[in-house]
Amino acid sequence: MCGTCNGDAAGAAPPAANSTTGNAAPSASTSNGVHPAQGKPASSPYQFVQDYISNVGRFKIIESTLREGEQFANAFFDLETKIKIAKALDNFGVDYIELTSPVASQASYDDCKAICQLGLKAKILTHVRCNMEDARKAVECGVDGVDLVIGTSSFLREYSHGKSMDMIKSIALEVIAYVKSKGIEVRFSSEDSFRSNLVDILHLYQACDKAGVDRVGVADTVGGATPRMVYDLIRTLRCCVGCDIETHFHDDTGCAVANAHSALEAGATHVDTSVLGIGERNGITPLGALMARMVVTAPDYVKSKYNLKALKSLETLVADAVQVNIPFNNPVTGFCAFTHKAGIHAKAILANPSTYEIIDPHDFGMTRYVSINSRITGWNAVKARIEQLGLGSEFSDDQVKEVTAKIKQMADIRPLAIDDTDSIIRSYHLDLQI
Ligand SMILES: CC(=O)SCCNC(=O)CCNC(=O)[C@H](O)C(C)(C)COP(=O)(O)OP(=O)(O)OC[C@H]1O[C@@H](n2cnc3c(N)ncnc32)[C@H](O)[C@@H]1OP(=O)(O)O
Ligand SMILES: O=C(O)CCC(=O)C(=O)O
Ligand SMILES: [Zn+2]
């Protein structure tokens, strides 16, 4: 458990963004601990190779913290909080911000109008049931686009709204025509797409495409899809419609990020996210985790388009608003996401960070951290700490190995903090003077 990382070289606190304090940095490194001469490998097997269908290098984000995220158990966003989150999302560079249906309540209606008037770069969408009354309310608010949704699986047709596929199609076409007549974007999505009849939904999407919808949406509403199922469905759909394809993945079985990646590979154009993945039940594709995935797949696109260094503050803002902690194992911003502990890892990391890091923490304004306070440390890591303490020239390699053995002896007895380890080093050093 990463609980043992507490009391690392930087003390009890987790490594902070833009801080190098206490890192066991190599002597030949830059101030941020990266060897300029030994950067990333020339090519990465994880980077995509462009094919004609994949959109991994040109996707768009529909950020739904203020819609799907409002469905998270702990969420209560007043207008002030919504505005802060909307501005932070805009600063991060998301393409769209999706808001709760204005039909939900008076505040939802008023807040939707207010956010539309902020003049953000991101386009503002609201998410409504596929019917004329909801669509009218949405348009009234001044949004840039309306996301229409209706369940198409037999479960939802029977137990949610009771409409046949024919009825769904005729309502969808009517509502799409109405929203288009208002000169704004319109998307049509089949809720619970993966449990819907494939032929039925392909026909429906084709009809919507013909009617001029801007995007059709595929939703894994219950989070049961696998990346292969997603690839197959999106690849098939890509051949049936010319419009954009939006995708929405719940994380009930832990596949939400992988499914989003797979969807883009198969030709989807848009991915729904929320900050920290908050949403109904255990939520959807988290924005930060998707960024972690995509910066590895398509580094140039992601680094040029999104303000990655703002991720930590964005996640902190939302975590505070919904009263949760950022999970310890969160990609990029989890407190031990760039902490290296085992001696074998530490040695290689100090020589070249690419050995054990697929993401450069500095791309996100984060720093790496090498722990030396455990029985599994090694002399190379301890040597780096000794150098950091300014004592490098006073220890031979044999002496570093001897002091490492002392650290391990003590670490076998109890957990150590950096002060303990530094004391062992300093007292060994004092003994050398006598
Ligand atoms: C998978 C998703 O996350 S979809 C998005 C979920 N978002 C929301 O639910 C938005 C917040 N919701 C709300 O505030 C409320 O549910 C409202 C205002 C939309 C509706 O509230 P109520 O009228 O009290 O109905 P209630 O919530 O009990 O039931 C949903 C109603 O919508 C109908 N409905 C459900 N989906 C659709 C749809 N896509 N299109 C049209 N009608 C629908 C249901 O049949 C039901 O109608 P009924 O009143 O005839 O039974
Ligand atoms: O509108 C959509 O595409 C998705 C709706 C939703 O939240 C879901 O199906 O889980
Ligand atoms: Zn959802």
Side-chain angles (χ1 to χ4, degrees), residues 61-73 75-77 96 98-109 111-112 125-138 145-153 155-165 167-176 185-196 201 204-205 208 213-225 230 233-234 237 244-253 255-256 259-260 263 268-274 277-286:
I61 290 179
I62 297 188
E63 226 300 325
S64 191
T65 301
L66 294 176
R67 192 283 290 180
E68 177 76 48
E70 215 180 4
Q71 297 173 221
F72 172 54
F76 169 79
F77 300 140
Y96 293 87
E98 187 181 61
L99 306 178
T100 291
S101 169
V103 176
S105 70
Q106 187 60 47
S108 303
Y109 179 86
D111 296 354
C112 183
L125 305 170
T126 187
H127 185 261
V128 297
R129 293 173 297 182
C130 186
N131 66 43
M132 286 300 285
E133 302 79 66
D134 286 19
R136 279 200 190 92
K137 279 271 184 206
V146 181
D147 283 348
L148 304 171
V149 67
I150 188 157
T152 49
S153 65
F155 284 109
L156 296 182
R157 283 192 286 119
E158 183 170 355
Y159 297 108
S160 174
H161 54 72
K163 294 181 178 58
S164 68
M165 289 303 294
M167 288 161 82
I168 291 173
K169 183 172 146 191
S170 89
I171 297 167
L173 297 185
E174 184 191 3
V175 181
I176 289 167
E185 280 188 28
V186 57
R187 181 222 64 175
F188 173 83
S189 180
S190 65
E191 196 189 335
D192 208 8
S193 315
F194 288 84
R195 294 192 299 182
S196 303
I201 54 170
L204 181 59
Y205 288 138
C208 294
V213 83
D214 292 282
R215 294 184 301 285
V216 289
V218 169
D220 183 22
T221 304
V222 293
V230 169
L233 177 54
I234 301 296
L237 176 58
D244 284 344
I245 300 175
E246 177 177 340
T247 52
H248 181 94
F249 299 106
H250 275 265
D251 208 22
D252 301 69
T253 60
C255 290
N259 283 344
T269 51
H270 294 65
V271 175
D272 291 4
T273 64
S274 68
I278 60 170
E280 200 82 37
R281 307 185 306 283
N282 80 330
I284 62 165
T285 308

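Every number for a ligand or one of its atoms is a count from 1 in the order of the listing.
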Option passing side chain to side chain contact (heavy atoms under 4.5 Å, CB included) with D220 (candidates T253, D251, N259)
N259
Given H127, E68, H248, E63, the one that forms side chain to side chain contact (heavy atoms under 4.5 Å, CB included) with D272
H248
Just jot down the ligand 2 atoms closer than 4.0 angstrom to any heavy atom of [X], in number order.
| X | result |
| --- | --- |
| T221 | 8 (C), 9 (O), 10 (O) |
| A219 | 3 (O), 4 (C), 9 (O) |
| E191 | 9 (O) |

Considering just N/O/S atoms, say which atom of E68 is closest to the Zn ion (ligand 3).
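Answer by atom name: OE1.
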For [atom], which protein heavy atom lies nearest, and how many Å away is it?
| atom | value |
| --- | --- |
| atom 5 (C) of ligand 1 | H127 CE1, 3.6 Å |
| atom 7 (N) of ligand 1 | Q71 OE1, 3.7 Å |
| atom 12 (N) of ligand 1 | A104 CB, 4.6 Å |
| atom 3 (O) of ligand 2 | S189 OG, 2.6 Å |
| atom 10 (O) of ligand 2 | H250 NE2, 2.9 Å |

Would R136 count as a cation-pi partner of Y109, with NZ or CZ less than 6.0 Å from the six-membered ring centre and within 45° of the ring normal?
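No, R136 does not sit over the ring of Y109.
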Could you list the atoms of ligand 1 found under 4.0 angstrom from a heavy atom of [X]?
| X | result |
| --- | --- |
| S160 | 35 (C), 36 (N), 44 (C), 45 (O) |
| V103 | 18 (C) |
| E191 | 1 (C) |
| N131 | 41 (C) |

Are any side-chain N or O atoms of [X] and backbone N or O atoms of [Y], one a donor and one an acceptor, separated by less than 3.5 Å?
| X | Y | result |
| --- | --- | --- |
| T269 | I245 | yes |
| S189 | G217 | yes |
| H250 | G283 | yes |
| H161 | K163 | yes |
| T221 | D192 | yes |
| S64 | S274 | no |
| T126 | T100 | yes |
| R187 | L148 | yes |

Verify whether one side chain among S193 and S196 offers a donor that lies under 3.5 Å from an acceptor in the other.
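Per modelled atom types, S193 and S196 side chains form no pair under 3.5 Å.
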Looking at ligand 1, would C130 count as a contact under a 4.0 Å heavy-atom criterion?
yes
Would D134 and R129 count as a salt bridge (Lys or Arg N to Asp or Glu O under 4.0 Å) here? Give the steps.
CA-CA 6 Å; D134 286 19; R129 293 173 297 182; 2.8 Å; yes
Audit row: V128, V146, side chain to side chain contact (heavy atoms under 4.5 Å, CB included) steps and yes/no:
CA-CA 7 Å; V128 297; V146 181; 3.6 Å; yes
Looking at every non-hydrogen atom in both residues, tell me the closest pair between V186 and V213 and how far apart they are.
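For V186 and V213, the tightest heavy-atom pair comes out as O-CG2, 3.3 Å.
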Look only at interatomic distance and state if [X] has a nitrogen or oxygen under 3.5 Å from any nitrogen or oxygen of ligand 1.
| X | result |
| --- | --- |
| V149 | yes |
| R129 | yes |
| K163 | no |

Under-4.0 Å protein heavy-atom contact, [atom]:
| atom | value |
| --- | --- |
| atom 10 (C) of ligand 1 | no |
| atom 16 (O) of ligand 1 | no |
| atom 35 (C) of ligand 1 | yes |
| atom 49 (O) of ligand 1 | no |
| atom 39 (N) of ligand 1 | yes |
| atom 3 (O) of ligand 1 | yes |
| atom 32 (O) of ligand 1 | yes |
| atom 21 (O) of ligand 1 | no |

Relative to the ring of F188, is the ring of Y205 parallel (under 30°), tilted (30 to 60°) or perpendicular (over 60°)?
perpendicular
Report yes or no: does a heavy atom of E246 sit under 4.0 Å from some atom of ligand 2?
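No; E246 lies far enough from ligand 2 that no heavy-atom distance drops under 4.0 Å.
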Could you tell me if any non-hydrogen atom of R67 lies under 4.0 Å from any atom of ligand 2?
yes
Pair R215 + D147: basic N to acidic O under 4.0 Å
yes
Please lay out, stage by stage, how L66 and F77 fare under the test side chain to side chain contact (heavy atoms under 4.5 Å, CB included).
CA-CA 8 Å; L66 294 176; F77 300 140; 3.9 Å; yes
Which segment of [X] sits under 4.0 Å of ligand 1 when only heavy atoms are counted:
| X | value |
| --- | --- |
| E280 | neither |
| I150 | both |
| R67 | side chain |

Only heavy atoms count here, so choose which of H127, R129, H248 is nearest to atom 6 (C) of ligand 2.
H248
Once you restrict to heavy atoms under 4.0 Å, what part of R187 touches ligand 2? Side chain, backbone, both or neither.
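Contact part for R187 vs ligand 2: side chain (C-beta onward).
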Residue-level breakdown please: for E68 versus ligand 2, do any non-hydrogen atoms fall below 4.0 Å on the side chain, on the backbone, on both, or on neither?
side chain
